[in-house]
Protein chains: 2
Amino acid sequence: MILKSQVEWALHCCAILAGLPEGRYLSTKALAELHGLPKEYLSKALQSLSQASLVETTLGPSGGYRLAKTPSDINFLEIVEAVEGKARSFTCTNIRANNPCRPEGYCDSKPCAVARIMWEADEAWRDTLRRVRLSDLVGTLSEEVPADIWRSTFEWVLKRAG
Amino acid sequence: MILKSQVEWALHCCAILAGLPEGRYLSTKALAELHGLPKEYLSKALQSLSQASLVETTLGPSGGYRLAKTPSDINFLEIVEAVEGKARSFTCTNIRANNPCRPEGYCDSKPCAVARIMWEADEAWRDTLRRVRLSDLVGTLSEEVPADIWRSTFEWVLKRAG
DNA sequence: GGTTTTCGGATATGATATGTCCTTAATTCC
DNA sequence: GGAATTAAGGACATATCATATCCGAAAACC
């Protein structure tokens with residue numbers, strides 16, 4: 001049970017987009033080169049963010065992506081679910097229904113007890129991600145990343161933002 | 001990010017094993033027929049449980065599997081990790097290291113902030129599973145499954161246990 | 001009009017989950 | 001002792017999905 005690498009890419013890209021000056025866009029090409037990622041494939045992750053209305057896009061030169069909301073209004077779960085999907089990690093195939101001792105046509109009143117427990121754990125995972133805002137990540141990064149690297153990184157991307 | 005179906009199978013099998021009389025074994029064949037699962041493939045899941053020392057085995061007729069510990073000494077996480085593995089759901093490829101603005105040979109003092117958040121969510125998932133004991137599942141099942149189905153199911157499997 | 005960009009479709013490839021088959025060794029039953 | 005049964009595990013086949021690349025269309029900018 002491993003998350004797509006696109007999840008990692010999307011989170012890092014959102015962190016960069018969160019630090020952009022108001023109104024500026026950043027292209028797939030710039031984000032791919034900054035992170036050393038395949039441009040065409042990263043594009044799919046960014047499209048997922050766009051479909052989830054987490055980012056806005058514009059075409060043409062100096063076009064690209066910017067956040068559609070303030071970093072404090074975006075949480076981790078939104079980003080993760082945008083590229084990974086909203087499906088639960090445990091899928092119940094209801095194998096209890098194959099029990100040969102069950103009367104024909106018997107109908108369960110509740111979902112399977114095994115599934116309920118697994119879904120509860122899934123919710124705990126989602127709750128944790130829901131409680132972390134993109135602005136929290138940006139705060140941590142600006143504390144931990146040395147100031148000169150942090151500053152020159154944004155100079156670097158802005159130079160490519162036209 | 002979907003768990004293997006073997007996780008579901010293993011959990012249901014453990015629930016049945018937990019209800020067996022002391023000292024009795026249940027074969028792969030019986031467990032597979034009870035749940036309507038492919039015998040050969042289910043065998044792989046049971047082997048995983050065996051390697052994790054959650055179940056004990058014996059060979060020959062009337063052989064098979066039984067729990068190696070009391071149901072209250074087995075939690076969900078042990079079973080899930082036995083078949084799914086202990087690897088975290090988020091793998092950090094450290095793409096921050098590709099940032100062209102980083103000085104050559106620069107070394108990070110901490111793991112990536114993105115990864116730390118994702119791992120925290122992973123821990124929340126594992127904590128939830130760790131807190132649920134196999135005996136809790138058995139308790140829920142014996143409450144919710146109609147008593148006659150519950151009883152005839154164990155008569156059915158015991159008939160196949162030799 | 002030419003360039004740059006997002007977006008989506010089509011396709012290829014590799015890894016992994018799923019499923020089957022077969023052999024070996026141990027145990028039980030007759 | 002011999003036959004039947006079982007777990008264990010290796011070999012193999014198949015299907016699904018993640019990863020990756022390429023292309024064409026439409027939109028924006030110069």
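All values derive from a computational prediction rather than experimental measurement. In the text below, chain A, chain B and the rest are named by the order of the sequence lines, each starting its count at 1.
Under the side-chain contact (heavy atoms from CB on, under 4.5 Å) criterion, B:T93 pairs with A:E8, B:I95, sequence neighbours left out.
Side-chain N/O atoms of B:S50 include one lying less than 4.0 angstrom from OP1 or OP2 on D:dA8. Taking only side-chain nitrogens and oxygens, A:Y65 comes nearer than 4.0 Å to OP1 or OP2 of C:dC7. Contact check, B:Q51 against D:dG9: a side-chain N or O comes under 4.0 Å of OP1 or OP2. Phosphate contact (OP1/OP2 of D:dA18, side-chain N/O of A:S5, threshold under 4.0 Å): absent. Considering only side-chain N and O atoms, B:T58 lies nowhere under 4.0 angstrom from the phosphate OP1 or OP2 of D:dT6. When the side-chain nitrogen and oxygen atoms of B:T28 are compared with OP1 and OP2 of D:dT6, none of them lie within a distance under 4.0 Å. For C:dT4, neither phosphate oxygen OP1 nor OP2 lies less than 4.0 angstrom from any side-chain nitrogen or oxygen of A:Y25. For B:Q47, no side-chain nitrogen or oxygen approaches OP1 or OP2 of D:dA7 to under 4.0 Å.
With distances taken from any side-chain atom of A:S27 to the nucleotides C:dG19, C:dT6, D:dT21, the minimum falls on C:dT6. Listed candidates were D:dA20, C:dC22, C:dT18. Nearest to the side chain of B:E40 is C:dC22.
Residue B:T57 is the one, among A:E84 and B:T57, whose nearest nucleotide of DNA chain D lies closer to the 5' end (criterion: closest heavy atom). Residue order along DNA chain C, read from the 5' end via each residue's closest nucleotide, puts A:G60 first among A:S43 and A:G60.
Residues in residues 79-96 of chain B take part in these salt bridge (charged side-chain N to carboxylate O under 4.0 Å, His left out) pairs, two or more places apart or across chains: B:E81-B:K86, B:E81-B:R126, B:R96-B:D108.
Nucleotide C:dT4 holds its C1' atom 15 Å from the CG atom of A:L26, rounded to whole Å. The interatomic distance linking A:M1 (CE) with D:dC17 (P) rounds to 17 Å, in whole Å. Nucleotide C:dT5 holds its P atom 14 Å from the CG atom of A:L46, rounded to whole Å. Rounded to whole Å, the distance from NZ on A:K4 to C1' on C:dA15 is 15 Å. Atoms NZ (A:K44) and P (D:dA18) sit 14 Å apart, rounded to a whole Å. Summarising the geometry, the separation between CH2 on B:W9 and P on C:dA17 is reported as 13 Å, rounded to the nearest angstrom. We find that CD of B:Q6 is positioned 12 Å from P of C:dT20, with the value rounded to whole Å. Protein atom CG of A:L59 is 11 Å distant from nucleotide atom P of C:dT5, rounded to whole Å.
Here the shortest heavy-atom pairing between B:I16 and B:T153 reads CD1-CG2, 4.4 Å.
Taking the charged nitrogens against the carboxylate oxygens, B:E155 and B:R151 do have a contact shorter than 4.0 Å, which makes a salt bridge. Ionic pairing of A:E33 and A:K29 is present here: one or more N-O contacts between side-chain nitrogen and carboxylate oxygen are shorter than 4.0 angstrom.
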